[in-house]
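One structure below.
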Amino acid sequence: MNLKIFSNILRSSESLMKKSLRHGICMQQIYRSWKNDAHPPPLDISNLQTMEDIKLKLFNIMGLSGKYENEDRKWLSEYLPKDQSELPARSMNDSFDRAIVPLSTDLSLQNKYTTTFKGLRIGRLLEDMDHFAVWIVMKHIYNPKQPTDVPTPYVVVTLLVDDVIINANRFPDKDLIISGQVTHVGKTSMEVTLWLEQLNDGKFERITRAHFVFVARDPTNTSSVMVNHLEPVGEREKNLMILSAKKNEDRKRARQNSILNKMPTPEEQSLIYETFMKTVDGKEPMIGNKVLPASSVWMDDTEIETNILCHPEDRNLHNTVFGGYLMRVATELAFLVASVHSKTRVKSQAINSITFRKPVPIGSKLKLIGKICYTSGRVMIVEIIAKVDEIESKKSLTSNSFYHVFVAPNNVDAVLPQNYHDSMLYIDGRRRYLDFIAHLENGQL
């Protein structure tokens, strides 16, 4: 992100900015360290494993044939530990690995990763990062009870992805290097930090860093199971663990302070009232007599919906829809929502959070609903909600939520709520906007 975009982002009210800066002091410190917290990329990338290699290794670890069939894995439960003390501690370096996406030499891959504007598709990157993060988790898990000739009894499920800040400079014909390691561990959960770099003119440039959180499950995916404790080795690992522990606490605090758990602050309530007054007809001021101010649109009018039939080719290792695929289709819908609203090409600048609530069964209808929930100058916060409709039973469940940040070349029309529910979504979007600007460092990625 350049300085011009950054200065436009900061054209909000003084009180909002002060609050944002106070909120982001600690997170800024984390952000400032992100360029230097990855292992340096290898000088010789000719012998690096590819993402196709990673996918094959995961199939072998799970003991899967690759066919679309329900394979009985219940028998593997006998190899699971009963307590975390049965598992040896692991260091971050034990799980560290790298892989390459050889875009410079593989034309078919280039076509898959290229946007209509000859950029690099963020959705494709998220697919690869999700696969790679699962591989990192599998490298972290070391279970002495498991014989070498037996598939892993573990099932790994993605819970969330957050704090993804994206570099606008990315190319569809330059090699991608993905690296990562486990940086935080609970009893059954693990955080994986991934770094994505691109080789450009002989130098490695950071495209993004992302945090994936997983939970380990038993072979039938019905209950959580213990994983290896994480023990840092050296100052670098200790510092990463401290930052990851703080991030984990921040996540808990964010859930506690969610708009669904706590009413809006006095400042936010004032903002709701001010927004309401903007929509009151000055000529005939009456409650319910709404008008749309100039250069504004109603939030609901930004909504775009798409429906997808989930096929076996998009399944994960557990025969439900692969999380990376869900991230890709949601990202591309979010891009469409932002582009239609701004009537121009937009840049994907960040992903505030992605939450996995329910698995998506193969054969179900996946409905994605996208809308813009907050705007400020050139910045748009886009919400995507994924719902699973079971065709036979007609039941509908929310499976995922995605929040993306896009930046347009020019100021966009303001998005305004029409009812109280939309007002809460507006406040939630504003909080995500504040979180986004708190992660910027002097306008540079």
Side-chain angles (χ1 to χ4, degrees), residues 123 126-127 129-131 133-134 137 154-164 184 186-192 210-218 220-225 247-248 250-262 303 305-310 314-334 337 351-371 373 381-391 393-404 421 424-425 428-429 431-432 435:
L126 290 172
E127 274 191 301
M129 293 173 81
D130 196 36
H131 265 127
V134 173
V137 166
Y154 285 87
V155 167
V156 178
V157 178
T158 311
L159 288 184
L160 62 89
V161 184
D162 63 7
D163 290 340
V164 184
H184 186 268
K187 289 185 177 180
T188 63
S189 63
M190 293 151 287
E191 177 195 79
V192 175
H211 302 283
F212 287 70
V213 177
F214 296 88
V215 64
R217 310 277 287 176
D218 68 7
T220 60
N221 198 9
T222 55
S223 62
S224 300
V225 294
K247 177 172 284 296
N248 194 48
D250 288 343
R251 292 189 187 109
K252 292 178 182 178
R253 192 177 302 108
R255 287 194 295 268
Q256 293 168 354
N257 294 331
S258 164
I259 202 76
L260 296 174
N261 295 322
K262 285 187 178 181
E303 183 174 299
E305 177 183 315
T306 185
N307 290 274
I308 300 170
L309 179 61
C310 300
D314 300 315
R315 72 189 185 277
N316 57 22
L317 299 173
H318 325 304
N319 281 335
T320 57
V321 175
F322 172 49
Y325 171 78
L326 296 173
M327 287 190 275
R328 173 163 65 85
V329 295
T331 297
E332 294 175 351
L333 177 60
V337 170
I351 300 172
N352 178 268
S353 70
I354 298 173
T355 304
F356 292 80
R357 304 172 187 274
K358 301 284 184 182
V360 179
I362 300 299
S364 59
K365 185 185 82 168
L366 178 67
K367 179 166 66 177
L368 298 170
I369 305 167
K371 66 169 65 174
C373 55
I381 309 297
V382 180
E383 177 198 60
I384 305 291
I385 297 297
K387 292 183 176 291
V388 178
D389 294 336
E390 296 180 3
I391 296 175
S393 66
K394 296 185 178 181
K395 291 181 180 179
S396 181
L397 297 172
T398 299
S399 62
N400 302 81
S401 59
F402 310 81
Y403 293 90
H404 291 254
H421 185 278
M424 294 301 100
L425 182 56
D428 182 70
R431 291 179 180 181
R432 296 179 189 278
D435 187 55

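Counting begins at 1 with the first residue of the sequence. It should be emphasised that the depicted structure is a prediction, and the values quoted were computed from it without experimental measurement. No hydrogens, no waters, no symmetry mates; every other heavy atom, side chains included, goes into these values.
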(Q) Just so I know, are the side chains of V321 and L366 near enough to count as touching, which here means a heavy-atom distance under 4.5 Å? (A) no
Q. Ignoring hydrogens and geometry, is there a side-chain-to-backbone donor-acceptor pair from N400 to I354 under 3.5 Å?
A. no
Q | From M424 atom CE to C373 atom SG, the distance as rounded to the nearest 0.5 Å | A | 12.5 Å
Q | Evaluation steps, side chain to side chain contact (heavy atoms under 4.5 Å, CB included), between N257 and K262 | A | CA-CA 6 Å; N257 294 331; K262 285 187 178 181; 3.0 Å; yes
**Q.** Nearest-0.5 Å distance, CG of residue N352 to NE2 of residue H404
**A.** 10.0 Å
Q: Using the side-chain contact (heavy atoms from CB on, under 4.5 Å) rule, pick out the option among V225, V155, V156 that qualifies with R217.
A: V155
Q. So which heavy atom on E127 is nearest to which on G324, and how close?
A. CG-O, 3.0 Å
Q) Considering all heavy atoms of both residues, which atom of V360 and which atom of C310 are nearest to each other, and what is their separation? A) CG1-SG, 3.8 Å
Q. Taking 4.0 angstrom as the limit, do D250 and R253 come out as a salt bridge?
A. yes
Q | Approximate separation, where rounding is to 0.5 Å, of D130 CG and N316 CG | A | 9.0 Å
Q) Which atom pair, heavy atoms only, marks the closest approach of P361 to V388? A) CD-CG1, 3.8 Å
Q) How far apart are the closest heavy atoms of R251 and H211, and which atoms are they? A) NH2-CB, 3.6 Å
Q) To the nearest 0.5 Å, what is the distance between CG (N248) and CD (E191)? A) 7.0 Å
(Q) How long is the straight-line distance from NE2 of H131 back to CG of L317, given to the nearest 0.5 Å? (A) 6.5 Å
Q) Is any side-chain heavy atom of T306 less than 4.5 Å from a side-chain heavy atom of V329? A) no
(Q) Could you tell me if the side chain of V157 sits less than 4.5 Å from the side chain of F356, heavy atoms only? (A) no
Q. About how many Å separate OG of S353 and CG of D163, when rounded to the nearest 0.5 Å?
A. 9.0 Å
Q: Compare all side-chain heavy atoms of E303 with those of I369 and state whether any distance is below 4.5 angstrom.
A: yes
Q: Give the intermediate values and the outcome of side chain to side chain contact (heavy atoms under 4.5 Å, CB included) for residues K371 and L425.
A: CA-CA 10 Å; K371 66 169 65 174; L425 182 56; 3.7 Å; yes
Q: For T320 and I362, work out which heavy atoms get closest and say how close.
A: C-CD1, 4.0 Å
Q: Check whether any side-chain heavy atom of D428 lies under 4.5 Å from a side-chain heavy atom of Y403, and answer yes or no.
A: yes
**Q.** Pairwise side-chain contact, F402 with I351, heavy-atom cut-off 4.5 Å (strictly under)
**A.** no
Q: Decide yes or no for H184 and K247: does some side-chain heavy atom of the first lie under 4.5 Å from some side-chain heavy atom of the second?
A: no
Q) Side chains of F212 and V161: does their closest heavy-atom pair fall under 4.5 Å? A) yes
Q: Using a strict cut-off of less than 4.0 Å between a Lys/Arg side-chain nitrogen and an Asp/Glu carboxylate oxygen, indicate whether R431 and D435 qualify as a salt bridge.
A: no
Q. In a check of side chain to side chain donor-acceptor pair (under 3.5 Å) between T398 and each of R357, K358, K387, K367, which one passes?
A. K387
**Q.** Pair I308-Y325, side chain to side chain contact (heavy atoms under 4.5 Å, CB included): steps then yes or no
**A.** CA-CA 12 Å; I308 300 170; Y325 171 78; 3.5 Å; yes
Q. Any idea which heavy atoms bring I381 and R432 closest together, and the distance?
A. CG2-CB, 4.3 Å
